[in-house]
Amino acid sequence: MKKKLIELLENSIRTCSEKGILEIGELPFIEVEIPREESHGDYSCTASMVLASSQGRNPRKIAEQIVENIHDSNNMLAKIEIAGPGFINFFIEKSMWFALLKEVDEMGDRYGGSNLGKGKKVQVEFVSANPTGPLHIGHARGAVIGDVVANILESTGYSVFREYYINDAGTQMDVLGRSVLLRYLELLGKEIDFSPECYQGEYVKELAGEIFKEYGDEYLAKGEKDAMKVFTDYAVNSILYGIKEDLNTFGVVFDCYFSEKELYKDDGVTKLLAELQEKGFIYEEGNALWFKTTDFGDEKDRVVVRENGEPTYFAADIAYHRDKYSRGFDTVIDIWGADHHGYIPRMYAGIHALGKEKEALKIILVQLVSLLRAGKPVSMSTRGGEFVTLREVVDEVGRDAARYNFLMRRSDSHLDFDLELAKEQSNENPVYYVQYAHARISSIMRLAHERDYNIPGFGDIDLKFLTLPEEITLTKEIARFPEVVEGSARVLEPHRLTFYLNELASLFHSYYNKNRVISDDPGLSMARLFLVKSIRTVLKNALRLLGVSAPERM
RNA sequence: GGGCGAUUAGCUCAGUUGGAUAGAGCGCUGGUCUCCGGAACCAGAGGCCGCGGGUUCAAGUCCCGCAUCGCCUACCA
């Protein structure tokens, strides 16, 4: 609807320009929005005021000219008003709104999707937690946001690839292996010095126990070097297996787990460094190699090869991103914890050096989560190893409530996650509010069936029965859904969907309370059944994007 | 010290990229139920959009300064 309107406006302005009424070169971007106030119409346009300054003329006059030259061949407009300083307010013909329901009926499960990103390949890299311990609650938020961003992009026509980057190289791996080895020795009665640098969690002891079960005390005698390799590999594999399993139960599935080791295997990092050196981005100082990230707006230059000859994590990361682009992705989306925000300019410097535009990389920052229980903070210190794992949270509050709660805020704002609230099956828990609307409609459908109604399609109903203002409001809200999906795809903000869902559910509950869907009047009942069915389609499609179930019964 | 971000109702937060009289949920006050699922609905109270300047037809939104809070500031990953 919005698109059609913009088209009309563009044509009108073009006509004005041809007639010499307006002097414009390029067609300006025309903004059409839904006004807050209903009396201001269904849509409102501000173009005349934007044009006024460049034309040096009264915006109301310009608005008049634009309105005069609108050629509404489909009679979609009931009324056009010029208001205030120069707003052009459009009132859409009621029948046009209801006609949109045809699209819902035809598209069904696909309603809400579009081809915005057709032909574009996007990679979303998320979670990417180090395989040094199980996923905790902090990772869960990033996991859901990444997953849903990917879903949204997919439904708007992008070809999407989900990837998890495994940091399985570097010193932390040694620390992990050593931690497990020490616990193993401890298990066998040795005195150990378990330094605070080591991973403290209970799972380290469990890993040591598993190894003991399998190999007995065989590594007591063997050299540390042999033991370290076996212990490290065992630990990483085992932890990674657990991570994948946890993500799976959370509904998060990746196309690829990319190992950092791969980058070193075929000399990716070395080649990259040579390339950067050739392009003149590298200099030597204090026996280390530095990348001139300040050329790209970073606050200081960064080391890529240390004094001891080892490349840094940053060097590997640039190589990793080069690898991503070489795989043909037009856009790469990284989802990071907000504590990494200082890393952003560096990464952009990296991709600039690779010859990529800024648009080729998008970074979503996810703020940390404060875990609460009935309003009281739950301790989450990683140092002591007593964090709350993703699995524990999902087990306790369920997948739907957990996912939905992580999507209720902008990703870059703090989130309080209250275990008791998330579990509660009450009006304090928005996920049930939305799911309830879906279950309620399903229940109406069941009753309709009992009363021998066929569930109507668009062709089976007479639109004249839909006369109530709230029926138009509901239809408009349904019609807005594809715009909401597109909008959240454009700015990568999944939380817009939960807000939308809340509004739609609220409108439905209100309608339901005031009006009967199934009545003695067959024509009216059919029309309303169809409207309500359309709402259910949208609820279901939106919930599917969020990875939350849409239950028929609750 | 420098950098990044935040500051909107009692609380937790939205605010469609600069639009008309700033919204939602919770909480609070008062109501609705013979009826398709009360996990629901309706009404009301509640605001100096942190403070001060600026930009323009128009600022919660953009720019500058200040205050408070958080994060970053490794030849760790």
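Here the structure is a predicted model, which is why all the values come from computation and not from measurement. Order of the sequence lines fixes the chain letters, A, B, ..., with proteins taken first and strands second; residue numbering starts at 1 for each chain.
Nucleotides B:G19 and B:C4 have their P atoms positioned 25 Å apart, rounded to a whole Å. The same atom, C1', is picked in B:U12 and in B:C75; the two are 43 Å apart, to the nearest Å. Rounded to a whole angstrom, the distance from the P atom of B:C11 to that of B:G50 is 14 Å. B:A24 sits 15 Å from B:U16 when the C1' atoms are compared, rounded to a whole Å. On the C1' atoms, B:C66 is 30 Å away from B:C57, given to the nearest whole Å. When the P atom is used for both B:A59 and B:G44, the distance is 29 Å, rounded to whole Å. Comparing B:U55 with B:G18, their C1' atoms are spaced 12 Å from each other, to the whole Å. B:U21 and B:G3 are spaced 38 Å apart, taking the P atom of each and rounding to whole Å.
Taking the nucleotide of RNA chain B with the nearest heavy atom to each of A:Glu33 and A:Gln172, the more 5' of the two is matched to A:Glu33. Summary of the strand contacts: A:Ile444 and A:Ser39 both lie near RNA chain B, and taking for each the nucleotide with the nearest heavy atom, the more 5' one is attributed to A:Ser39.
Searching all strands for a Watson-Crick or G-U wobble partner of B:G47 with both distances below 3.5 Å returns nothing. Base pairing analysis places B:A40 opposite B:U32; the two distances defining the Watson-Crick or G-U wobble pair are each below 3.5 Å. If you check B:G25 for Watson-Crick or wobble pairing at under 3.5 angstrom, you find it paired to B:C11. Base-pair partner of B:G52: B:C64 (Watson-Crick or G-U wobble, both distances under 3.5 Å). With a 3.5 Å ceiling on both atom-pair distances, the Watson-Crick or G-U wobble partner of B:G1 is B:U73.
A stacking contact between A:Tyr512 and B:A40 is absent: the pair does not combine a ring-centre distance of less than 5.5 Å to the base's six-membered ring with planes differing by less than 30°.
Among the atoms of the strands shown, none is found under 4.0 Å from any heavy atom of A:Val484. Residue A:Asn515 is in base contact, counting any heavy-atom pair closer than 4.0 Å across all strands shown. Heavy atoms of A:Asn308 sit nowhere under 4.0 angstrom from any nucleic acid atom. Residue A:Phe314 is out of contact with every strand shown, counting any heavy-atom pair closer than 4.0 Å. Residue A:Ile518 is classed as a base contact, given a heavy-atom separation below 4.0 Å to a base. A:Glu307 comes within 4.0 angstrom of a nucleotide base, judged by non-hydrogen atoms across all strands. Note on A:His40: a base of the nucleic acid sits closer than 4.0 angstrom, heavy atoms only. A:Ala437 comes within 4.0 angstrom of nothing in the nucleic acid, heavy atoms only. Residue contacts shown for A:Ala169 are limited to sugar-phosphate atoms, with no base heavy atom under 4.0 Å away. Across all strands, A:Gly286 comes closer than 4.0 Å to base atoms (heavy-atom distances). Residue A:Ser443 is in base contact, counting any heavy-atom pair closer than 4.0 Å across all strands shown.
A centroid separation of 6.0 Å or more is found between the aromatic rings of A:Tyr43 and A:Phe90. Aromatic pair A:Tyr164/A:Phe258: ring centres not closer than 6.0 Å. Aromatic pair A:Phe296/A:Phe281: ring centres closer than 6.0 Å. Ring centroids of A:Tyr500 and A:Phe481 are separated by less than 6.0 Å, placing the two rings close together.
In the set B:C41, B:G19, B:C35, B:C41 carries the atom at the smallest distance from any side-chain atom of A:Tyr433. Taking only side-chain atoms of A:Val491, from C-beta outward, the nucleotide of B:U17, B:A40, B:C57 with the closest atom is B:U17. Out of B:G38, B:C42, B:G25, the shortest distance to the side chain of A:Ser510 is found at B:C42. Of the listed nucleotides (B:A20, B:A39, B:A77), B:A20 has the atom at the smallest distance from the side chain of A:Asn89. When distances run from any side-chain atom of A:Ala83 to the nucleotides B:A20, B:C75, B:G19, the shortest one goes to B:A20.
Computed from coordinates, the A:Leu524 CG to B:C36 P distance equals 17 Å when rounded to whole Å. To the nearest angstrom, P of B:G3 lies 17 Å from CZ of A:Arg346. Computed from coordinates, the A:Gln367 CD to B:G5 C1' distance equals 8 Å when rounded to whole Å. Across the protein-nucleic acid pair, A:Gln435 atom CD and B:G37 atom C1' stand 15 Å apart, rounded to whole Å. If you measure from atom CZ of A:Arg516 to atom P of B:C41, you get 18 Å, rounded to the nearest angstrom. Note: OH (A:Tyr343) to C1' (B:A74) measures 12 Å, nearest angstrom. A:Asp339 places its CG atom 17 Å from the P atom of B:A6, with the value rounded to the nearest Å. Going from atom NE2 of A:His341 over to atom C1' of B:G2 covers 12 Å, rounded to whole Å.
Applying the 90° cutoff around 0 to the glycosidic angle, B:U17 is assigned syn.
Ionic pairing of A:Lys265 and A:Glu262 is present here: one or more N-O contacts between side-chain nitrogen and carboxylate oxygen are shorter than 4.0 angstrom. Between A:Lys476 and A:Asp42, at least one side-chain N (NZ, or NE/NH1/NH2) sits under 4.0 Å from a carboxylate O, which counts as a salt bridge. With respect to the salt-bridge test (charged N to carboxylate O, under 4.0 angstrom), the residues A:Asp334 and A:Lys324 qualify.
In this structure, A:Tyr165 and A:Tyr313 have tilted ring planes: the angle between them lies in the 30° to 60° band. Taking the six-membered ring where the residue is Trp, A:His340 and A:Trp336 present tilted rings, their angle falling between 30° and 60°.
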Strictly under 4.0 angstrom, non-hydrogen atoms only: write out the protein contact profile of nucleotides 7-14 of chain B, one letter per nucleotide from the 5' end, B, S or -. -----SSS

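Inter-residue side-chain proximity for A:Glu125 and A:Ile335 is flagged as unmet; no heavy-atom pair is nearer than 4.5 Å. Side-chain contact between A:Val366 and A:Asp412 is absent, with no heavy-atom pair separated by less than 4.5 Å.
Phosphate contact (OP1/OP2 of B:A20, side-chain N/O of A:Arg36, threshold under 4.0 Å): present. Contact between the side-chain N/O atoms of A:Arg306 and the OP1/OP2 oxygens of B:C76 is found at a separation under 4.0 Å. The phosphate of B:G38 (OP1 or OP2) has a side-chain N or O of A:Arg440 nearer than 4.0 angstrom. Taking side-chain N and O atoms only, A:Thr312 has no distance below 4.0 Å to OP1 or OP2 of B:C76.
Annotation for A:His40 and A:Pro35: closest pair O-CG, 3.6 Å, computed over non-hydrogen atoms.
Side-chain atoms of A:Thr46 and base atoms of B:A58 include no donor and acceptor less than 3.5 Å apart.
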